[in-house]
Amino acid sequence: QVQLVESGGGLVQAGGSLRLSCAASGRTFGSYDMGWFRQASGKERVFVAFINWSGGITDYVDSVKGRFTISRDNAKNTVYLQMNSLKPEDTAVYYCAVWRGIGSSDNQLEYDYWGQGTQVTVSS
């Protein structure tokens, strides 16, 4: 069983930055491939970013490329999402999750062990 706790969300003006953290329990965190997803009010949860166990492979949805950076510190059992140049359309609840290792890494159905989410609100 893995427990994930997201933090770092908040209210920020457009153009600002936030860094989200996802702290995981478990001794085998370093073997997990991780993803970040977001869900805007009234919309479906969608893929944002992916990082493999070593941090050597990352992937992003097109709308955040060049603005967001996913990283991890396996010694701290934590995955990060650095978000720069934030836009109002980035407003959502952000979730981290563990990829099962099969299927597509941008498909939420291929993920287990979701956190409770952290709210990000970007004002215009």
Side-chain angles (χ1 to χ4, degrees):
Q1 190 77 0
V2 178
Q3 291 186 330
L4 303 174
V5 179
E6 299 96 336
S7 62
L11 173 64
V12 64
Q13 289 188 333
S17 298
L18 284 173
R19 188 177 79 157
L20 306 183
S21 298
C22 170
S25 64
R27 298 178 181 178
T28 58
F29 172 79
S31 66
Y32 300 152
D33 299 322
M34 303 290 296
W36 282 98
F37 289 75
R38 65 186 180 187
Q39 185 170 21
S41 180
K43 296 187 177 181
E44 293 186 353
R45 188 160 56 187
V46 296
F47 170 78
V48 176
F50 168 84
I51 189 166
N52 79 325
W53 65 273
S54 69
I57 298 174
T58 59
D59 188 27
Y60 301 89
V61 66
D62 285 347
S63 61
V64 308
K65 286 181 179 177
R67 299 189 299 122
F68 290 11
T69 302
I70 189 171
S71 63
R72 65 191 298 157
D73 185 338
N74 287 342
K76 295 182 178 180
N77 280 15
T78 303
V79 174
Y80 304 98
L81 186 66
Q82 177 67 44
M83 306 186 297
N84 299 329
S85 302
L86 283 161
K87 304 175 181 180
E89 51 263 43
D90 294 318
T91 295
V93 177
Y94 284 71
Y95 300 89
C96 63
V98 178
W99 187 46
R100 295 175 183 169
I102 58 174
S104 176
S105 60
D106 63 359
N107 183 352
Q108 63 172 317
L109 298 178
E110 302 299 343
Y111 283 78
D112 292 321
Y113 305 118
W114 293 83
Q116 84 290 346
T118 185
Q119 175 71 49
V120 172
T121 304
V122 184
S123 63
S124 57

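Note that this is a predicted model, so its numbers are computed, not measured.
V5 and V48 are assigned to two separate hydrophobic clusters, defined by single-linkage of ILVMFWY side chains at heavy-atom distances under 4.5 Å. Taking hydrophobic clusters as Ile, Leu, Val, Met, Phe, Trp and Tyr residues chained together by side-chain heavy-atom distances below 4.5 Å, Y111 shares a cluster with I57. Under the 4.5 Å side-chain heavy-atom criterion for Ile, Leu, Val, Met, Phe, Trp and Tyr, F68 and W36 are members of the same hydrophobic cluster. Residues Y80 and F47 are members of separate hydrophobic clusters, defined by side-chain heavy-atom contacts under 4.5 angstrom among Ile, Leu, Val, Met, Phe, Trp and Tyr. In the hydrophobic cluster analysis, where Ile, Leu, Val, Met, Phe, Trp and Tyr join through side-chain heavy atoms closer than 4.5 angstrom, I51 is grouped together with Y113.
For E44, the CD atom is loosely surrounded, since the number of other residues' heavy atoms within 6.0 Å does not exceed 12. Heavy atoms from other residues, nucleotides or ligands lying under 6.0 Å from CG of L11 number more than 12.
Closest of all the heavy-atom pairs between S124 and P88 is CB-CG, 3.8 Å. Looking at every heavy atom in both residues, R38 comes nearest to S63 through NH2-OG, 3.6 Å. When all heavy atoms of K76 and T78 are compared, the pair lying nearest together is O-OG1, 2.8 Å.
Under the side chain to side chain contact (heavy atoms under 4.5 Å, CB included) rule, V79 has a single partner from N74, I70, L4, which is I70.
Of the inter-residue distances, the one linking N52 atom CG with S31 atom OG reads 11.5 Å to the nearest 0.5 angstrom. In this structure, CG in L20 is found 12.5 Å from OH in Y95, a value given to the nearest 0.5 Å. From M34, atom CE reaches atom CG of L81 across 11.5 Å, with rounding to the nearest 0.5 Å. To the nearest 0.5 Å, the span separating OG on S105 from CG on D59 amounts to 5.5 Å. Note that OG1 of T58 and CZ of R72 are 12.0 Å apart. Values are rounded to the nearest 0.5 Å. To the nearest 0.5 angstrom, R100 atom CZ is 7.5 Å from L109 atom CG.
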| task | Go through the steps to decide whether Q119 and T91 satisfy the test side chain to side chain contact (heavy atoms under 4.5 Å, CB included), and finish with yes or no. | result | CA-CA 8 Å; Q119 175 71 49; T91 295; 4.0 Å; yes

| task | Show the numbers, then the answer: is there a side chain to side chain contact (heavy atoms under 4.5 Å, CB included) between S7 and T118? | result | CA-CA 6 Å; S7 62; T118 185; 5.5 Å; no

| said: side chain to side chain contact (heavy atoms under 4.5 Å, CB included), that's the test. Do V122 and M83 meet it? Break it down for me. | reply: CA-CA 11 Å; V122 184; M83 306 186 297; over 6 Å; no

| query | Where do D90 and K87 land on the salt bridge (Lys or Arg N to Asp or Glu O under 4.0 Å) test, with the steps shown first? | reply | CA-CA 5 Å; D90 294 318; K87 304 175 181 180; over 6 Å; no

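Y60 does not carry R67 over the face of its six-membered ring by the limits of under 6.0 Å from the centre and within 45° of the normal.
For F50, the ring pair (Phe, Tyr, Trp, His ring centres under 6.0 Å) partners at least two apart in sequence or on another chain are W99. Listed by chain and residue number, F37 satisfy the ring pair (Phe, Tyr, Trp, His ring centres under 6.0 Å) test with W114 (two or more places apart in sequence, or in another chain).
Remark: the backbone N or O of Q116 is paired with a side-chain donor or acceptor of E6 at under 3.5 angstrom.
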